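Reviewing the structure listed below.
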There are 2 protein chains.
Amino acid sequence: MSLPNATPSLFTYFNSIQKISSNAEEALKAISFLIETPKNKHVQEIGQTCRTYYFVTAGLARIYYLKDGIEVTEYFAFENDMIIRAESLFTGNPSKKAIQAIEKTKLIGIPASKLEILFNSFPEIERLFRKIMEASYVSYVNRMESLQFHSAEERYIQLISDFPELLEKIPLKHISSYLGITQVSLSRIRANIR
Amino acid sequence: MSLPNATPSLFTYFNSIQKISSNAEEALKAISFLIETPKNKHVQEIGQTCRTYYFVTAGLARIYYLKDGIEVTEYFAFENDMIIRAESLFTGNPSKKAIQAIEKTKLIGIPASKLEILFNSFPEIERLFRKIMEASYVSYVNRMESLQFHSAEERYIQLISDFPELLEKIPLKHISSYLGITQVSLSRIRANIR
DNA sequence: CCGATCCTTTTACATTTGTTAAATAATCAT
DNA sequence: ATGATTATTTAACAAATGTAAAAGGATCGG
């Protein structure tokens with residue numbers, strides 16, 4: 001189903017990245033669909049091939065996968081954040097990862113196949129998505145830098161300073177694996193800095 | 001200076017990502033320039049704002065920065081690899097990082113300002129760069145996954161299995177910081193698996 | 001409210017990695 | 001070639017993180 005009338009703030013956000021004509025915006029909305037997911041429900045399951053760009057418009061979602069049977073959180077997405085399983089979407093391979101709503105969450109989905117057709121008629125939409133990719137790339141470069149050269153304690157302090165709301169919304173076990181450490185280790189760090 | 005006549009293999013590589021017309025290719029070549037850098041010479045210094053996309057066409061380069069006075073290698077670029085200081089190029093902020101040739105290296109530089117003008121007349125070039133960004137994004141997602149959830153020993157073994165030539169070409173101290181560990185720790189790991 | 005389940009912390013110990021310093025080994029400029 | 005510089009390894013000890021198990025806390029459905 002395409003989008004209801006109410007213009008989601010996502011498109012305001014899109015326009016702040018790359019101004020697009022109302023024609024282009026309508027075309028983009030026409031291929032978009034809205035999903036509402038209850039807490040803990042999966043948006044996409046492990047093993048599926050990803051053919052959709054998702055953006056969180058309300059709530060909070062994560063990407064995770066299983067390492068030795070343990071859930072490992074790779075990414076959190078807040079309002080306006082893109083959430084894609086890139087290693088599947090951009091290669092066509094099935095994804096080892098899942099997308100899950102952490103709380104009641106609204107997402108806008110954009111099918112890659114339809115989007116690619118729009119790219120042909122609306123270069124401005126392709127530009128928008130190029131810029132979104134650039135910004136996502138930068139955020140991964142920065143995250144890698146943080147993993148490579150900051151201690152777990154520094155990473156934790158940075159994370160909760162960037163996203164104070166995380167602590168109320170996300171179980172610590174997700175936060176620990178996101179930081180690349182065990183739950184026990186995170187508990188120790190929290191005890192230390194208290 | 002724009003490119004000499006000999007078509008660098010980089011453009012063959014570009015065409016394998018996104019077929020572009022010969023018009024577009026000529027336009028892209030017209031704004032590109034070739035750099036030859038001797039071993040250990042900097043292509044870009046710390047503190048400069050990055051306004052150029054670089055691609056390695058021969059040799060080998062790295063991005064590094066200083067953490068507590070110690071050089072930390074963030075990225076290695078081999079033939080056909082893009083090498084950009086994204087956190088500067090895509091934000092306009094001065095970069096804390098440097099690009100340095102590890103051996104005698106040839107690079108093709110493409111000024112961002114001129115490229116953006118080309119994007120307006122050649123959507124296929126914009127598409128090419130969108131796809132390059134996608135691929136770069138995927139490679140950073142994968143690297144982050146490796147840093148987050150594999151031991152230093154696993155990461156080292158994986159790295160030399162992916163790029164066996166690294167060991168002959170790159171000092172171990174660069175490899176250790178790339179892996180997110182100290183030189184001493186890498187030495188121990190190497191002694192262990194021998 | 002109650003028991004079951006899940007989340008978080010704590011403890012004790014093992015392993016990995018960091019730090020500092022020294023010893024070799026390799027490389028480079030003269 | 002020779003000495004100086006740089007790179008790598010080794011050693012000893014400190015600090016950080018992992019593992020396993022247990023104990024509290026919190027949450028949820030009935």
Side-chain angles (χ1 to χ4, degrees), chain A residues 38-42 60 62 64 66-73 76 98 100-104 144-160 165-194, chain B residues 38-42 60 62 64 66-73 76 98 100-104 144-160 165-194:
Chain A
K39 185 171 177 171
N40 293 332
K41 175 110 179 287
H42 283 88
L60 176 51
R62 66 169 182 144
Y64 78 91
L66 298 175
K67 154 115 180 162
D68 305 329
I70 293 174
E71 286 185 7
V72 151
T73 297
F76 294 119
Q100 183 189 34
I102 292 177
E103 53 185 39
K104 184 164 176 287
M144 222 203 45
E145 186 179 319
S146 135
L147 270 171
Q148 219 176 344
F149 306 112
H150 293 98
S151 69
E153 182 174 316
E154 289 170 323
R155 301 201 297 275
Y156 174 71
I157 291 172
Q158 185 64 48
L159 183 69
I160 58 175
E165 71 276 27
L166 231 77
L167 283 182
E168 289 113 56
K169 294 184 172 178
I170 303 183
L172 287 173
K173 62 172 184 172
H174 294 166
I175 294 177
S176 62
S177 72
Y178 178 85
L179 292 170
I181 56 178
T182 61
Q183 215 181 134
V184 175
S185 197
L186 179 56
S187 246
R188 255 185 311 230
I189 287 168
R190 284 161 54 81
N192 253 337
I193 65 183
R194 213 185 308 136
Chain B
K39 185 170 177 170
N40 293 331
K41 176 109 179 286
H42 282 88
L60 176 51
R62 67 171 182 142
Y64 78 91
L66 297 174
K67 154 115 182 161
D68 305 330
I70 293 174
E71 287 186 7
V72 151
T73 296
F76 295 119
Q100 183 189 34
I102 292 177
E103 53 185 40
K104 183 163 177 288
M144 222 203 45
E145 185 180 321
S146 136
L147 270 170
Q148 217 175 347
F149 306 112
H150 293 98
S151 69
E153 181 174 316
E154 289 171 323
R155 301 201 297 276
Y156 174 70
I157 290 171
Q158 185 65 48
L159 184 68
I160 58 174
E165 72 275 28
L166 232 77
L167 284 181
E168 290 113 55
K169 295 184 172 178
I170 304 182
L172 287 172
K173 63 173 182 172
H174 294 167
I175 295 177
S176 63
S177 71
Y178 178 86
L179 291 170
I181 55 178
T182 60
Q183 214 180 134
V184 176
S185 198
L186 178 57
S187 246
R188 256 186 310 233
I189 287 168
R190 284 162 52 82
N192 254 336
I193 65 182
R194 214 185 307 137

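By convention in this document, chain letters (A, B, ...) are assigned in the order of the sequence lines, proteins followed by strands, and residues within each chain are numbered from 1. Everything numeric in this text was worked out from a predicted model, so none of it was measured.
Between dT10(C), dT17(C), dT9(D), one nucleotide has an atom nearer to the side chain of L172(B) than all others, and that is dT9(D). Checking dC7(C), dT19(C), dA7(D) against every side-chain atom of T182(B), the shortest atom distance belongs to dT19(C).
Each of R155(B) and K39(B) was matched to the nucleotide of DNA chain C holding its nearest heavy atom; the match closer to the 5' end belongs to R155(B). Between V184(B) and K173(B), the residue whose closest nucleotide on DNA chain D is further toward the 5' end is K173(B).
The interatomic distance linking I181(A) (CD1) with dT17(C) (P) rounds to 15 Å, in whole Å. When the C1' atom of dA16(D) is taken as reference, atom CZ of R188(A) falls 8 Å away, rounded to whole Å. Regarding H150(B), its NE2 atom lies at a distance of 14 Å from the P atom of dG18(D), rounded to whole Å. When rounded to the nearest whole Å, the span between CD of Q183(B) and P of dA21(C) equals 16 Å. I170(B) has its CD1 atom 17 Å from the C1' atom of dT6(D), to the nearest Å. E103(B) places its CD atom 13 Å from the P atom of dC28(C), with the value rounded to the nearest Å. One interatomic measurement links the two molecules: NZ of K67(B) to P of dT19(C), which rounds to 10 Å at whole-angstrom precision. Computed from coordinates, the R190(A) CZ to dT17(D) C1' distance equals 17 Å when rounded to whole Å.
H150(B) and Y156(B) share no donor-acceptor pair across their side chains, judged by distance under 3.5 Å alone.
Using a 4.5 Å heavy-atom cutoff, the side chains of K39(B) and I102(B) are not in contact.
Classification of K41(B) and E103(B) as a salt-bridged pair fails, no side-chain N sitting under 4.0 Å from a carboxylate O. With salt bridges taken as basic N to acidic carboxylate O contacts below 4.0 Å, one links E71(B) and R62(B).
Among the atoms of the strands shown, only primed sugar atoms or phosphate atoms (P, OP1, OP2) are found under 4.0 Å from some heavy atom of S185(B).
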